[in-house]
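Both counts, for ligands and for their atoms, begin at 1 and track the order of listing.
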Amino acid sequence: MATLLIRGGTVVTHDATYRADVLCVDGKIAAVGPDLDAPGDAEVIDAGGQYVMPGGIDPHTHMQLPFMGTVASEDFYTGTAAGLAGGTTSIIDFVIPSPGQPLMEAFQTWRGWAEKAASDYAFHVAITWWDDSVHEDMGTLVREHGVNSFKHFMAYKNAIMATDDILVASFTRCLELGAVPTVHAENGELVHHMQQKLLAQGLTGPEAHPLSRPPQVEGEAASRAIRIAGTLGAPIYVVHVSCKDALDEITYARRQGQPVYGEALAGHLLIDDSVYRSKDWLQSAGHVMSPPFRSPEHQAALWTGLQSGNLQTTATDHCCFCADQKMMGKDDFTKIPNGTAGIEDRMAVLWDAGVGGGRISMQEFVAVTSTNTAKIFNLYPRKGAIQEGADADLVVWDPNGTRTISAKTHHQNVDFNIFEGRTVTGIPRHTVSQGKWVWRDGDLRAERGAGRYLERPAYPGVFDVLEKRAERNAPTAVER
Ligand code: URP
Ligand code: ZN
Ligand code: ZN
């Protein structure tokens, strides 16, 4: 029986801030209140002057993803361990079947890879092709394996791109099952066209990457996905919203009452597109991810999106490639593996720029780093909450602690850090996972295989009202 008392801190949740001790017994929160007695065998963590918050949940990671001819360098152990060092105690990763590969086969493969995870994890499953077996397997995943969200890549033509016919079939199936469709919103046809055009003009370096994926390419895809979902009556979650164009589509749809959710990446909020103008090829290539980093006005829009509630979650899209992997695209930017790291730094950079920068409150910080994800993907209140019976996944936050981020000192298994050199104020002093401390004042005690697979029940019946609402609204043209 493991007992841990976090004493003397200020509990911050998405809806309250108050002084309380937190007692964790056998992986669960057993009590929250003032001046709790420490049972004889309890280990005590002093949280005086610190905030005790729900552990972060990163709803968008890609550990050891096979992608663009290579495999992401961070595996489920190293990646989740780095997450724990950064205050993130759960991830939702992606099962991405190759086109034609049975969904269940891919799901079992990812489940096997994830057995070494140090923190709890769940999976979205990508729909990269369509036939009757995909329809069937989606049902099996929802009913028997606790998958309640499916991902659709509208980009990556000739690889994993989902065309409109697939979106319609899959969103319809999601609606039937009570699962949430999610999209990577970029028009893959346009990206492909722009890539060929730029290459033909002799633009082969990473500076061409953002030119091939301008904001309107993302705005168009977001609009299309949202309108397909709206017509069917399905909810929709747009991952890594990077620009005003996509955010405007989300905001407009939400104003019409459509259940649309949006995710912002820490990287998109903090880093602008000047990184692609570096003379150093590796610096520039190190930032190649999709959608690309945007100009400052788009970053400002994303912060407004979080403040207004039109964007609800923050993630990292943690997908690591080392320099030798990025070099695969030395002579052709379209071959640079797309992806950047961030799981260890998300909480700290968002606190520093968000709470420290006067953009969001502490409670909003908890909402966008943990609770909203738990609610949208049906993990709440097991995750994202500090209350009796919830999982004891907590971060003790030191608002005055500082850290200078660097690839030389981070725990992520990658040789590059997009936040390199940034000094943040506000750091995870201690992290508690399943009621045990796993990060204590710089000491990382992540345990290989300690992470558990999280089943996320779907919402059968809950979506019926959405379908009826779409049918009721269908005949009425709404002026924009
Ligand atoms: O560049 C990115 N984002 N790589 C990971 C795959 C994806 O699109 O999410
Ligand atoms: Zn994506
Ligand atoms: Zn991704």
Heavy-atom check, side chain of His411 versus side chain of Glu344, under 4.5 Å: yes
Does any N or O in the side chain of Asn378 come within less than 3.5 Å of the main-chain N or O of Pro457, such that one atom is a donor and the other an acceptor? yes
Are any of the side-chain heavy atoms of Ile96 and Thr128 separated by less than 4.5 Å? yes
Could you tell me the angle subtended at the Zn ion (ligand 2) by ND1 of His184 and NE2 of His240, rounded to 10°? 90°
Would you mind listing which atoms of ligand 1 come within a distance below 4.0 Å of any non-hydrogen atom of Gly339? 1 (O), 4 (N)
Give a yes or no on whether His62 keeps an N, O or S atom under 2.8 Å from the Zn ion (ligand 3). yes
Would you check if the side chain of His209 reaches a backbone N or O of His287 as a donor-acceptor pair within less than 3.5 Å? no
Looking only at atom types and distance, does a side-chain atom of Arg254 sit under 3.5 Å from a main-chain N or O of Val260, one as donor and one as acceptor? yes
Numbered atoms and elements of ligand 1 in range of Tyr156, under 4.0 angstrom, heavy atoms: 1 (O), 2 (C), 4 (N), 6 (C), 7 (C), 8 (O)
Does the separation of the ring centres of Phe150 and His124 fall below 6.0 angstrom? no
From His60, does some N, O or S atom reach closer than 2.8 Å to the Zn ion (ligand 3)? yes
If we only consider heavy atoms of Phe94, is any one of them less than 4.0 Å away from an atom in ligand 1? no
Here the N/O/S atom of Asp317 closest to the Zn ion (ligand 3) would be OD1
For atom 1 (O) of ligand 1, the protein heavy atom that lies nearest, with its residue and separation: Ser290 N, 2.8 Å
Please tell me whether His60 and Phe94 form a close aromatic pair, meaning their ring centres lie under 6.0 Å apart. yes
Does any part of the side chain of Asp391, heavy atoms only, come nearer than 4.5 Å to the side chain of Arg452, both counted from C-beta? yes
Have a look at ligand 1 and work out which part of Met289, if any, has a heavy atom under 4.0 Å from it: side chain, backbone, both or neither. both
Pick from Asp317, Thr61, Leu65, Leu265: the one approaching atom 3 (N) of ligand 1 most closely through a non-hydrogen atom: Asp317
Closest to atom 4 (N) of ligand 1 (heavy atoms only, candidates Thr316, Asn338, Ile336, Ile96) is Asn338
